[in-house]
Amino acid sequence: MTIHKKIQAYYVGMSSEHHRYRSWEHCYRYFHRSTDEAIRVDRDHAALQLGFYLASWGMYRGSSFLLQHAYTVHRGVIDQLVSPRFSVLWAQEFGAGDHDKKLVPMILEATEAIREAYRPFVPQTESSQPTDTLVTKIILGTLGCLPACDRFFIDGFKSGGFSYSHLNAKCVERLLHFSRDNLRELREEQESIERTSGMRYPLMKLVDMYFWQIGFERSTINIDAAQASTL
């Protein structure tokens, strides 16, 4: 029941078709309705789709190296993601299968490929770039096999009793275990959203929504508590 409430709270919050969170839908739908070859041929279009989604999701703030570059900075990422070595990640939904643990090294390989594609554009003084947040938002908007590890998600994840220091194999395995342990409820939410929107959200997107909503609500409570203490 908690999973249902949190996911629905997130989904209801983006009820407008023009809500910025809908950018994930547009990006994910584009990549999953296109073939690898079509994306390779028109990678500028793919780079624009990815770039606008990232901008809507806060990845073009002043502290980001992306702000200093045109959409063409994403071309290398597109090339990496549609390379044959990651084809199984496009074809298979991560989070439900008995043998999904075997995909963890490949998922981490994809995150590293994204980092390498961006590295020529990152100033040497910014050793923390590209961040886990950026890389996982790209994975969520394309392959769909990781949640976006931003501040609210991480706070929600930790409040659920899961540790998080950085994106690594143990973290991805914890996400997999959570998805498998709660698969029935996640499938119910998946089917409910598909009936409403006509779009099938991958399991890791639902995991993202669940923990993000928890983190967001916790931040609201903390703000209210801080304001009350000043009265």
Open item on the list: Just verifying a value: how many Å separate Leu143 CG and Ile107 CD1, rounded to the nearest 0.5 Å?
Closed with: 8.5 Å
- [ ] Report whether Phe52 and Val73 are members of the same hydrophobic cluster (ILVMFWY, side-chain heavy atoms less than 4.5 Å apart, transitive linking).
- [x] no
- [ ] Start with the C-alpha gap between Lys170 and Glu173, add the side-chain angles, then the distance that decides, and say whether salt bridge (charged side-chain N to carboxylate O under 4.0 Å, His left out) holds.
- [x] CA-CA 5 Å; Lys170 288 184 178 179; Glu173 288 171 6; over 6 Å; no
Open item on the list: Would Tyr53 and Trp57 count as a ring-ring contact (aromatic ring centres under 6.0 Å, His included) here? Give the steps.
Closed with: CA-CA 6 Å; Tyr53 152 66; Trp57 277 42; 5.2 Å; yes
Open item on the list: If I compare all heavy atoms of Gly144 with all of Pro202, which pair ends up nearest, and what's the gap?
Closed with: O-CB, 3.7 Å
Task: Residue pair Ile7 / Gln213, side-chain heavy-atom distance below 4.5 Å - done: no
TODO: Mark yes or no for whether Asp100, through its side chain, and Phe94, through its backbone, hold a donor-acceptor pair below 3.5 Å.
DONE: no
Open item on the list: As an exercise, state the distance from CZ of Arg29 to CH2 of Trp24, rounded to the nearest 0.5 Å.
Closed with: 8.5 Å
Open item on the list: Quick check on the hydrophobic clustering: are Leu50 and Leu48 connected, directly or via other members, by side-chain heavy-atom contacts under 4.5 Å?
Closed with: no
Open item on the list: Can you give me the closest heavy-atom contact between Ser179 and Gly95, atom names plus distance?
Closed with: OG-O, 2.7 Å
Task: Linked, directly or transitively: Tyr71 and Val122 (ILVMFWY side chains, under 4.5 Å) - done: no
Task: Closest non-hydrogen atom pair, Ala117 against Gly76 - done: CB-C, 3.7 Å
TODO: Specify whether Phe178 and Tyr210 have parallel, tilted or perpendicular ring planes, treating 30° as the upper limit for parallel and 60° as the lower limit for perpendicular.
DONE: parallel
Task: Worked verdict on Asp98 versus Arg180 for side chain to side chain contact (heavy atoms under 4.5 Å, CB included) - done: CA-CA 9 Å; Asp98 293 338; Arg180 287 185 53 76; 3.0 Å; yes
Open item on the list: Run Arg187 and Glu93 through salt bridge (charged side-chain N to carboxylate O under 4.0 Å, His left out) and show every step you take.
Closed with: CA-CA 12 Å; Arg187 287 295 195 206; Glu93 182 182 46; 2.8 Å; yes
Open item on the list: Taking the side chain as everything from C-beta on, heavy atoms only, tell me whether Leu134 gets closer than 4.5 Å to Leu66.
Closed with: yes
Open item on the list: Any non-hydrogen side-chain atom of Val207 less than 4.5 Å from a side-chain atom of Asn182?
Closed with: no
- [ ] Carefully, step by step, assess Ile114 and Leu81 under the rule side chain to side chain contact (heavy atoms under 4.5 Å, CB included).
- [x] CA-CA 8 Å; Ile114 292 170; Leu81 290 176; 4.2 Å; yes
Open item on the list: Can a donor-acceptor pair be found, under 3.5 Å and without considering hydrogens, that links the side chain of Asp132 to the backbone of His166?
Closed with: no
- [ ] Using only heavy-atom distances, determine whether the side chains of Gln190 and Glu194 contain a donor-acceptor pair under 3.5 Å.
- [x] no
Open item on the list: Rounded to the nearest 0.5 Å, what separates atom OG in Ser83 from atom CZ in Arg40?
Closed with: 7.5 Å
Task: Other ILVMFWY residues reachable from Val41 by side-chain steps of under 4.5 Å - done: none
Open item on the list: Tell me whether Arg22 forms a cation-pi arrangement with Tyr11, defined as NZ or CZ under 6.0 Å from the six-membered ring centre and within 45 degrees of its axis.
Closed with: yes
Open item on the list: I need the minimum non-hydrogen distance between Ser34 and Ile39, along with the two atoms involved.
Closed with: CB-CG1, 3.7 Å
Task: Contact summary for Leu67 and Gly62, nearest pair of heavy atoms - done: CD2-CA, 3.6 Å
Task: Euclidean distance, Thr72 OG1 relative to Ile78 CD1, rounded to 0.5 Å - done: 12.0 Å
Task: Ser192 (side chain) donor-acceptor with Glu189 (main chain) under 3.5 angstrom - done: no
Task: Geometric class of the His45/Tyr30 ring pair [parallel <30°, tilted 30-60°, perpendicular >60°] - done: tilted
Open item on the list: Run the side chain to side chain contact (heavy atoms under 4.5 Å, CB included) test on Trp90 and Phe31 for me, step by step, so that the C-alpha distance in whole Å, both residues' side-chain angles and the decisive distance to 0.1 Å come before the verdict.
Closed with: CA-CA 9 Å; Trp90 290 102; Phe31 281 98; 3.8 Å; yes
- [ ] For the pair His69 (side chain) and Phe121 (backbone), establish whether a donor and an acceptor sit closer than 3.5 Å, ignoring hydrogens and angles.
- [x] yes
Open item on the list: Using a 3.5 Å distance criterion without hydrogens, assess whether the side chain of Ser64 forms a donor-acceptor pair with backbone atoms of Met59.
Closed with: yes
Task: Thr136 side-chain N/O to Cys149 backbone N/O, donor-acceptor pair under 3.5 Å - done: yes
- [ ] Report the C-alpha distance between Leu167 and Leu146 in whole Å, list the side-chain angles of each, state the deciding distance to 0.1 Å, and finish with yes or no for side chain to side chain contact (heavy atoms under 4.5 Å, CB included).
- [x] CA-CA 10 Å; Leu167 185 64; Leu146 282 178; 4.2 Å; yes
Task: Nearest atoms (heavy-atom pairs only) where Ala47 meets His74 - done: O-CD2, 3.7 Å
Task: Test applied, side chain to side chain contact (heavy atoms under 4.5 Å, CB included); reference residue, Gln8; option that passes from His4, Lys6, Lys5 - done: His4
Task: Within-4.5 Å side-chain heavy-atom neighbours: Lys205 and Tyr28 - done: no
Open item on the list: Can you tell me how far apart CZ (Arg174) and CG (Asn168) are? Round to the nearest 0.5 Å.
Closed with: 6.5 Å
- [ ] Look only at the side chain of Arg43 and the backbone of Asp79, and say whether a donor-acceptor pair between them is shorter than 3.5 Å.
- [x] no
- [ ] Sort out for me which residue in Ile139, Val172, Val104 forms a side chain to side chain contact (heavy atoms under 4.5 Å, CB included) with Cys145.
- [x] Ile139
Open item on the list: Please check this pair: side chain of Arg75 against backbone of Asp44, looking for a donor-acceptor N/O pair closer than 3.5 Å.
Closed with: no
TODO: Answer yes or no: is there a donor N or O on one side and an acceptor on the other, between the side chain of Arg115 and the main chain of Val135, under 3.5 Å?
DONE: no
TODO: To the nearest 0.5 angstrom, please state how far the CE atom of Met204 sits from the CG atom of Leu175.
DONE: 6.0 Å
TODO: Say whether, by atom type as modelled, one donor and one acceptor occur between the side chain of His32 and the main chain of Thr142 under 3.5 angstrom.
DONE: yes
